2 protein chains.
Amino acid sequence: MKPTVHDIAAHAGVSLATVDRVLNGRAGVRAPTRERVEAAISALGFVRDVAAANLAKGRIYRFTFILPANDNSFMIGLRRQVEEAIQWAGRERVSIRIVDVPAFDDAALAAALEQAGEDAIDGIAFVAVDSGAVRDVVERLAERGTILVTLVSDLAGSRRHHFAGIDNIAAGQTAATLMCRFLGARSGKILPIAGSLQVQDHRDRLKGFSDHVARSYPCRALLPVVEGADNPERVAALLREALRHREDIAGIYSFGAGNRGLLTVLEEGRGQEAPVVIVHELTEISRQGLLGGRIDAVLNQDAGHEVRSALRVLKAGADGAALLAAQERIRIDIFLKENLP
Amino acid sequence: MKPTVHDIAAHAGVSLATVDRVLNGRAGVRAPTRERVEAAISALGFVRDVAAANLAKGRIYRFTFILPANDNSFMIGLRRQVEEAIQWAGRERVSIRIVDVPAFDDAALAAALEQAGEDAIDGIAFVAVDSGAVRDVVERLAERGTILVTLVSDLAGSRRHHFAGIDNIAAGQTAATLMCRFLGARSGKILPIAGSLQVQDHRDRLKGFSDHVARSYPCRALLPVVEGADNPERVAALLREALRHREDIAGIYSFGAGNRGLLTVLEEGRGQEAPVVIVHELTEISRQGLLGGRIDAVLNQDAGHEVRSALRVLKAGADGAALLAAQERIRIDIFLKENLP
DNA sequence: CTGAAAGCGCTTACAG
DNA sequence: CTGAAAGCGCTTACAG
């Protein structure tokens with residue numbers, strides 16, 4: 001049988017309370033006593049039953065997810081994943097609260113972080129927007145021991161404990177390789193469509209893409225990037241405009257949201273050979289595009305994985321436990337029509 | 001506060017023991033009493049604390065993983081994942097045993113299943129080999145309530161509860177699309193290299209690949225498949241032979257193990273344009289091949305995901321709980337040099 | 001058919 | 001600085 005606190009107490013000749021003090025590193029135990037207990041722990045190979053400890057403590061993990069009130073499919077999906085986690089969490093002594101903030105609003109995010117910090121909770125997951133105000137709060141909360149996890153969009157160089165998201169530079173490079181290999185010998189240029197270059201993710205994707213094309217496929221030219229503001233109508237307008245002015249668009253790399261607009265325009269067709277199209281995030285729209293053959297590949301980050309990973313990291317952080325880095329790495333999924341989940 | 005069994009007992013005017021009987025569906029409760037308890041449960045919105053229940057019961061989940069004693073990197077990795085899970089399992093009241101069987105030996109597998117079944121355990125995960133004997137044992141164990149999960153290789157049409165693995169037909173189709181798109185206008189044929197066509201996985205991959213090429217890229221010809229027996233030396237010999245006899249090999253799809261042999265031959269170079277190479281399973285070898293540019297894409301199933309998913313399914317099955325199908329679907333990963341984890 | 005009491009492994013006031 | 005006792009939410013013999 002696995003040893004319990006009783007075995008340790010007996011072996012060390014002390015009471016349960018003392019074993020508990022040593023186990024939890026609480027003060028008020030004389031060094032020799034502490035050593036006897038520690039000796040017993042390692043002699044018997046004791047490992048504490050965390051479930052039992054949590055039961056006794058009435059421990060409830062309190063986490064807050066700060067999510068942008070953004071209406072694109074990806075963010076809606078992310079939110080749904082958090083909501084699903086809330087269901088599950090109820091049975092597992094973890095309580096999750098969702099706090100909404102306007103999208104891309106750093107002041108609002110800073111305020112929300114501040115507020116969440118007031119609530120004396122164990123940890124916060126949030127979609128980062130980079131600014132001095134946000135960095136200040138993060139610094140202060142980290143100092144106070146709150147576990148902070150960035151979700152989808154990182155705040156590199158800050159004291160957040162972990163980033164649950166993908167490497168967007170690598171994602172851009174991946175898109176570049178796929179695009180250029182799919183284009184093969186075909187001539188023509190590539191049109192990059194961003195959501196907003198104010199956001200780190202999009203900047204990274206563009207950088208990864210442009211650099212990789214320049215380095216590995218130097219003959220392939222890129223058109224100037226356009227910003228669709230994650231808005232289908234705007235994306236459609238920009239794309240129509242671009243296609244009217246240029247006959248030589250052979251590829252489109254859309255790395256923001258608003259792909260409904262993209263598909264609308266693509267479906268208008270124009271007699272010419274269809275461009276190679278690569279977009280980000282698997283949504284109902286991009287899935288349809290893939291199945292219908294208008295989209296050639298979708299790069300994806302799995303919102304479910306991100307949320308569950310963030311929760312594991314938050315919990316491990318709250319317990320002061322280590323975590324398997326390999327298990328928490330979020331993959332850059334490549335989906336073709338054939339390997340759609 | 002969340003209601004506990006005490007609240008239910010008080011509300012229904014019965015003792016804890018009776019609440020427990022109803023909660024666990026045990027016999028010996030008069031219908032009216034049972035109904036009072038059930039009313040209390042739904043009135044208070046009670047959900048049982050599984051951790052506390054397991055503590056009280058001293059419940060330990062007992063699972064057995066039956067793994068082929070196969071020395072290829074993928075199987076070694078799979079085994080390592082199970083071993084890692086064993087570490088974690090100790091703290092979570094689950095006990096996992098690994099049982100080895102010779103690879104591709106259905107009689108041995110049937111015997112191992114039989115034996116594991118004797119041990120009165122909760123569930124078994126196993127890499128299936130298809131045969132009547134295996135199907136018989138599976139049928140019998142399922143009948144007796146043992147939870148059975150196939151791992152990596154399925155036993156379709158049997159009474160196993162779940163398959164933790166990928167859709168290999170879809171994997172073959174995915175390889176076909178990537179191969180033909182990467183080849184583009186380049187002429188030449190594709191050489192398929194199997195491990196063994198005795199195994200369902202490999203047959204499925206070949207079928208998915210061949211059918212998809214025939215359907216979507218009808219001008220592209222396939223050479224007859226060769227079987228490398230998952231053995232690097234044999235793969236190397238077969239490939240050298242093929243390259244000597246044919247000058248027109250433009251693509252290689254290797255969907256078994258033994259890719260060390262493949263890389264050795266590719267590195268010999270031969271002045272001609274290098275073929276497009278797609279292989280299965282991300283291992284140290286295939287990673288090197290990808291980074292070195294000899295391999296163009298790796299299709300992968302994540303052994304860690306498969307093992308952890310199998311465990312979740314086994315546990316849920318043992319608890320009679322439902323599971324999120326979406327969360328348990330194993331992805332067909334596509335790795336290029338750029339999105340390598 | 002139903003209940004009182006002890007116990008799972010750990011923690012927490014409270015005394016001393 | 002240390003310990004005896006009660007309790008977390010649930011289950012299990014044992015009595016009746």
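Quick note on labels: first sequence line is chain A, next is B, and so on, each numbered from 1. Note that these values count all heavy atoms, side chains included, but never hydrogens, waters or copies made by symmetry. Fair warning: this is a prediction, and the values are worked out from it, not measured in the lab.
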Walk me through it: do Phe63(B) and Leu311(B) pass the test side chain to side chain contact (heavy atoms under 4.5 Å, CB included)? CA-CA 8 Å; Phe63(B) 302 130; Leu311(B) 274 170; 3.8 Å; yes
Starting at CD1 of Ile8(B) and ending at P of dG3(C), how long is that distance when rounded to a whole Å? 15 Å
How long is the line joining CZ of Arg36(A) and C1' of dG3(D), in whole Å? 13 Å
Nearest 0.5 Å please: distance from the CG atom of Leu148(A) over to the CZ atom of Phe126(A). 5.5 Å
Spell out protein contact along nucleotides 9-16 of chain C as letters: B when the base is contacted, S when just the sugar-phosphate is, - when no protein heavy atom is under 4.0 Å; keep the 5' to 3' order. BBBB----
As a check on the pairing definition, encode DNA chain D in dot-bracket form, counting Watson-Crick and G-U wobble pairs whose two distances are under 3.5 Å, and using | for partners outside this strand. |||.||||||||.|||
Salt bridge or not between Lys2(A) and Asp49(A)? Use side-chain N to carboxylate O under 4.0 Å. no
Counting only side-chain N and O atoms of [X], is one of them less than 4.0 Å from OP1 or OP2 of [N]?
X: Thr18(A); N: dT2(D); value: no
X: Thr33(B); N: dC1(C); value: no
X: Ser15(A); N: dA4(D); value: no

Would you check, one step at a time, whether the test side chain to side chain contact (heavy atoms under 4.5 Å, CB included) holds for Ile330(A) with Ser309(A)? CA-CA 8 Å; Ile330(A) 307 294; Ser309(A) 174; 4.1 Å; yes
Tell me what Gly58(B) touches on the nucleic acid: a base, only sugar-phosphate, or nothing, going by heavy atoms under 4.0 Å. nothing
Counting the atoms with a prime plus P, OP1 and OP2 as sugar-phosphate, which does Val19(B) contact under 4.0 Å by heavy atoms, base, sugar-phosphate, or nothing? nothing
Who pairs with Glu83(B) by side chain to side chain donor-acceptor pair (under 3.5 Å), at least two apart in sequence or on another chain? none
Test item: side-chain donor near acceptor, Arg48(A) and Asn24(A), under 3.5 Å: yes
Between Ile124(A) and Leu141(A), is the side chain to side chain contact (heavy atoms under 4.5 Å, CB included) condition met? List the steps. CA-CA 10 Å; Ile124(A) 306 174; Leu141(A) 291 176; 3.9 Å; yes
Cation-pi check for Tyr61(A) against Arg59(A): NZ or CZ below 6.0 Å from the six-membered ring centre and within 45 degrees of the axis, yes or no? yes
